[in-house]
There are 2 protein chains.
Amino acid sequence: MRVTIRDVAQRAGVSVSTASRALSGARPVGTELTTRVTAAARALGYRQNRLASALRTQRTGTVGMVVPQISNPFFPALVEAIERSLSGSGRQLLLCDAQRDPAVEAVRLQALADRQVDGLIVAPVSAVASADALAAVAAEVPVVQVDRYVTDADLDWVGVDDAAGLRLIAGHLADVGARTVVLVSAGSESSTGRSRLAGFGPAAARHRLTTAEPLLGEYGIDWGVRAADLLRARGPLPDAIVGGNDEIALGVVRGLRAAGVRVPDDVLVTGFDDAGFAALADPALTTVRQPHALIADECVRLLDLARAGGEQAPRRIALAPTLVVRASTTRS
Amino acid sequence: MRVTIRDVAQRAGVSVSTASRALSGARPVGTELTTRVTAAARALGYRQNRLASALRTQRTGTVGMVVPQISNPFFPALVEAIERSLSGSGRQLLLCDAQRDPAVEAVRLQALADRQVDGLIVAPVSAVASADALAAVAAEVPVVQVDRYVTDADLDWVGVDDAAGLRLIAGHLADVGARTVVLVSAGSESSTGRSRLAGFGPAAARHRLTTAEPLLGEYGIDWGVRAADLLRARGPLPDAIVGGNDEIALGVVRGLRAAGVRVPDDVLVTGFDDAGFAALADPALTTVRQPHALIADECVRLLDLARAGGEQAPRRIALAPTLVVRASTTRS
DNA sequence: TTGTATGCGTTATCAT
DNA sequence: ATGATAACGCATACAA
């Protein structure tokens, strides 16, 4: 049988409550008894049954996270950062994958709520189709959205300041001599697609860059390849192509190269996110890095705030990204 | 207050035990009462408190997993597969990141055990430094190693058949006309480094390929770049370079390209694992794909077997990989 | 400061 | 087949 707190108490010659208090530090315990208890605990190799504790305290020390797809190269870094941020306060991450399906996502959200997680960090699959399920769980457990958010639900959100990211990119492109730029990004189904599109025009204008009509498709390498063809069909290429994320940018590079256009020699290309492979690509991608650690910390902070403060107006926290200049915009 | 099974029982006009049995199906319950109970449960929106259930049944329905580093591009696909395999039986994955540190890993293993996970799936950070902690938790909960294993611990393992993978690669290289090949891989600190090295010679011999002295460093793009230089310094390049994993292969490609050597035109290059970026790289990497879904299923199966059967001789399951031919070995 | 007794929500045991 | 009751391991209200 496992060693329980009863065994510890017995061995230390105290009551169970004293043992509990001595170990948790919830209430003061005499110095001698404290040492007796801790000694007994160590001697017996006692380790708390977190389940029983959670049942009693209503706190599991676990936080649930649902990502659209963990194999999507953007999320592992985020998961890692959140796992790390949580472990700072002794909590653990219960990770679920939504398989890009709002229905699966809904099941996962409920399952996590049933396991009494202390909070839920969610990157919703869809801006609209995920809304109901998210609102439902939010009624029973604190929820923070990360990266993406759903429309029509007043929930906290933490992500990157897309407008600021695009300003960084525009500034850099202007610095290296670009005059004409075009955006290749995702449409407005996702919240990030919308805000990146909205941020692009003003950012370009601020740095006196001439823009052409944006090409909007979806986040993915295939769309980037296709967009490169569309762009060439349009006429002379711009000086620079701004990808809505790294995958699109990589697709653009590949599409261009297949047509004999060299990057960065003939055209500059930038990405967004700094997903793992951006540095591995050839040419390595100039991109905007999301501050994973800060995003993670903010998520955790909002979660704790929600637990403490109860109902509040939803907070939306957009953190500043940083520019990472690599070979795709560096002419030798 | 949350709705508990008491509420359901009351509304259905039965005892709590009957309600429990009707809902769980543990013991037969009269048809009428069953319908009354399920109706009441649905009407009240009852959802079981998994914690309380777990405390009683000693089964949490969660499986812990510890990976060396989730941002390492090999692991997300594995995590996804395991998450999926588990969800088939209604279980969930508690994911931890060891931050490449055996000490952190040890803490995570204990934390998961304290949370009463039903099983543990671990890709150990180090073949030697991870052994003690792994053996310790294995004493209290079923453990299955995946991908890598520790020496000196009799624990189940599921992974890929490295020798078979290298035979696939050698066969393919022979098919496309290569005569001389060299291995660039990791040393023998990791179990995979050891077995891939061991499998290379026989695989090459089987297909009448001439081999040169292998270059052994570590899994990582930097080593690949450096190895490319070492290889060029050695004299004329071989027809093909076999990377110990995809990162090394990518580094080799980059190192060669920096020196003006073209892939695949001048030299063929292969990887191992089919990590996410292998398909995204340029040129896309010919590699050996690990059967993630099968590996995941086997992990789960062994876990369940261990729960059921108690102590057994450790099982080591090496699954057959498949060859993925891409541009890095395809001359146009 | 310490001990006693109760309950968290559920399932298992033992009756009937 | 059904119900009363105890117990899982822990933390806390209350009493001393």
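In what follows, chains carry the letters A, B, and so on, assigned in the order in which the sequence lines appear, proteins first and then strands, with residues in each chain numbered from 1.
Near DNA chain D, meaning a heavy atom under 4.0 Å from it, residues 16-35 of chain B has B:Ser17, B:Thr18, B:Arg21, B:Pro28, B:Val29, B:Gly30, B:Leu33 in order of number. Within residues 47-57 of chain A, the residues having any heavy atom closer than 4.0 Å to DNA chain D are, in order of number, A:Gln48, A:Asn49, A:Ala52, A:Ser53, A:Arg56, A:Thr57.
Each side chain to side chain donor-acceptor pair (under 3.5 Å) pair with one or both residues in residues 87-97 of chain A, not counting sequence neighbours, appears once here: A:Ser87-B:Arg108, A:Ser89-A:Arg91, A:Arg91-A:Asp304, A:Gln92-B:Arg115. Residue pairs satisfying the side chain to side chain donor-acceptor pair (under 3.5 Å) criterion with at least one member in residues 139-155 of chain B, sequence neighbours excluded, are listed as follows: A:Arg47-B:Glu140.
Per the geometry, CZ belonging to B:Arg59 stands 12 Å off P belonging to C:dA12, to the nearest Å. When the P atom of D:dG3 is taken as reference, atom CD of B:Gln10 falls 13 Å away, rounded to whole Å. Per the geometry, CZ belonging to B:Arg6 stands 11 Å off C1' belonging to C:dC8, to the nearest Å. For the pair B:Ile5 CD1 and D:dG3 C1', the computed distance is 14 Å after rounding to whole Å. Between the P atom of D:dC10 and the CG atom of A:Asp7 lies a distance of 9 Å, rounded to the nearest Å. Remark: P of D:dC10 and CZ of B:Arg115 are 14 Å apart, rounded to the nearest angstrom. Computed from coordinates, the B:Arg2 CZ to C:dG9 P distance equals 9 Å when rounded to whole Å.
Using a 4.5 Å heavy-atom threshold, the side chains of B:Val150 and B:Val128 count as separate.
The side chain of A:Thr4 contributes no N or O atom lying less than 4.0 Å from OP1 or OP2 of D:dG9.
Remark: B:Arg59 engages B:Asp118 in a salt bridge (charged side-chain N to carboxylate O under 4.0 Å, His left out) (not counting sequence neighbours). The side-chain contact (heavy atoms from CB on, under 4.5 Å) search around B:Ala43 returns B:Arg11, not counting sequence neighbours. Residues passing the salt bridge (charged side-chain N to carboxylate O under 4.0 Å, His left out) test with B:Arg50: none are found, sequence neighbours excluded. For A:Ala133, the side-chain contact (heavy atoms from CB on, under 4.5 Å) test picks out A:Ala106, A:Leu109, with sequence neighbours left out. For B:Arg301, the salt bridge (charged side-chain N to carboxylate O under 4.0 Å, His left out) partners are B:Glu298, not counting sequence neighbours. For A:Ala129, the side-chain contact (heavy atoms from CB on, under 4.5 Å) test picks out A:Pro102, A:Ser126, with sequence neighbours left out. Residues forming a side-chain hydrogen bond (donor to acceptor under 3.5 Å, both in side chains) with A:Asp297 (at least two apart in sequence, or on another chain): A:Ser85.
Each end of the helix from C:dT1-D:dA16 to C:dT16-D:dA1 gets its own axis, taken as the rotation carrying the C1' atoms of four end pairs onto the next four within a five-pair window, and the two axes meet at 40° to the nearest 10 degrees.
Within the 3.5 Å criterion, the main-chain N or O of A:Val29 finds a donor-acceptor partner in the side chain of A:Thr34.
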